Amino acid sequence: MSGTEGDAYEGFTAEERAAMKDHARELKAAARRRSRADKAAEAERDVLAKIAEMPESDRIMAERVHAVITADAPVLAPKLWYGMPAYALDGKVVCFFQSAEKFKARYATLGFSDQAKLDDGPMWAAGFALTEVTAEVEARISALVKQAVS
């Protein structure tokens, strides 16, 4: 990146460093688990515990997003990814919920990785701002995750 003389690279933010530390802990915890079933059960417990720690507004949305994804795309396995609830297919993250608090944003985000099959021409959305999860939003999330794993 180019910048002016006064611009100086200040490194990662505290939130970014915390996310990287979360990811390192997640990898270590996953390596300690025994059977595939144990890993899956513990990963889901980790996701639910992370959701329970969120501030109320984010927690309510994350609970609804989790319910929709696990009901409508059961092939996706819940897991933590950089300290965020995520949903993976064959170990690769397809989508994730990022609380507004995580990076001190004004809205939560439902994001999709390049593993999601959301392709729609030469350009498509890979992230969606969430301020509330209504019945209409749940229907859109359901359609997106179904398409993402199709």
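Computed from a predicted structure; not experimentally measured.
The side-chain heavy atoms of R64 and E138, taken from C-beta on, include a pair separated by under 4.5 Å. Proximity of F112 to L144: side-chain heavy atoms (C-beta onward) are separated by under 4.5 Å at one or more points. Residues H66 and I51 are in side-chain contact: their nearest non-hydrogen atoms beyond the backbone lie under 4.5 Å apart. Two residues are said to be in side-chain contact when any heavy atoms from C-beta on lie closer than 4.5 Å; E15 and K104 meet this criterion. A heavy-atom distance below 4.5 Å is not found between the side chains of V93 and Y87. Contact of the P85 side chain with the M54 side chain is registered, since non-hydrogen atoms from C-beta on lie closer than 4.5 Å. Using a 4.5 Å heavy-atom cutoff, the side chains of V133 and I60 are not in contact. Contact annotation: the side chain of V94 never approaches that of V145 to less than 4.5 Å [non-hydrogen atoms, C-beta and beyond].
Ring planes of Y82 and H23: parallel class, angle under 30° (limits at 30 and 60°).
Counting non-hydrogen atoms of neighbouring residues, nucleotides and ligands closer than 6.0 angstrom, the CG atom of D119 exceeds 12 such neighbours. Within 6.0 Å of the CZ atom in F103, the count of heavy atoms belonging to other residues, nucleotides or ligands exceeds 12.
Distance check: K146 NZ to I141 CD1 gives 12.5 Å after rounding to the nearest 0.5 Å. Note that the CG atom of D58 and the CD atom of Q98 stand 9.5 Å from one another [nearest 0.5 Å]. Put simply, NZ on K21 and CD on E16 are 13.0 Å apart, with the number rounded to the nearest 0.5 Å. Considering CD of E63 and CD of E56, their distance stands at 9.5 Å, rounded to 0.5 Å. Atom CD of E26 is separated from atom NZ of K79 by 8.0 Å, given to the nearest 0.5 angstrom. Summarising the geometry, atom CG belonging to L130 is positioned 11.5 Å from atom OG belonging to S99; distances are rounded to the nearest 0.5 Å.
Residues passing the salt bridge (Lys or Arg N to Asp or Glu O under 4.0 Å) test with E132: none are found, sequence neighbours excluded.
When atom types are taken as modelled, the side chain of K50 and the backbone of M84 share no donor-acceptor pair closer than 3.5 angstrom.
Taking the charged nitrogens against the carboxylate oxygens, D22 and K102 do have a contact shorter than 4.0 Å, which makes a salt bridge.
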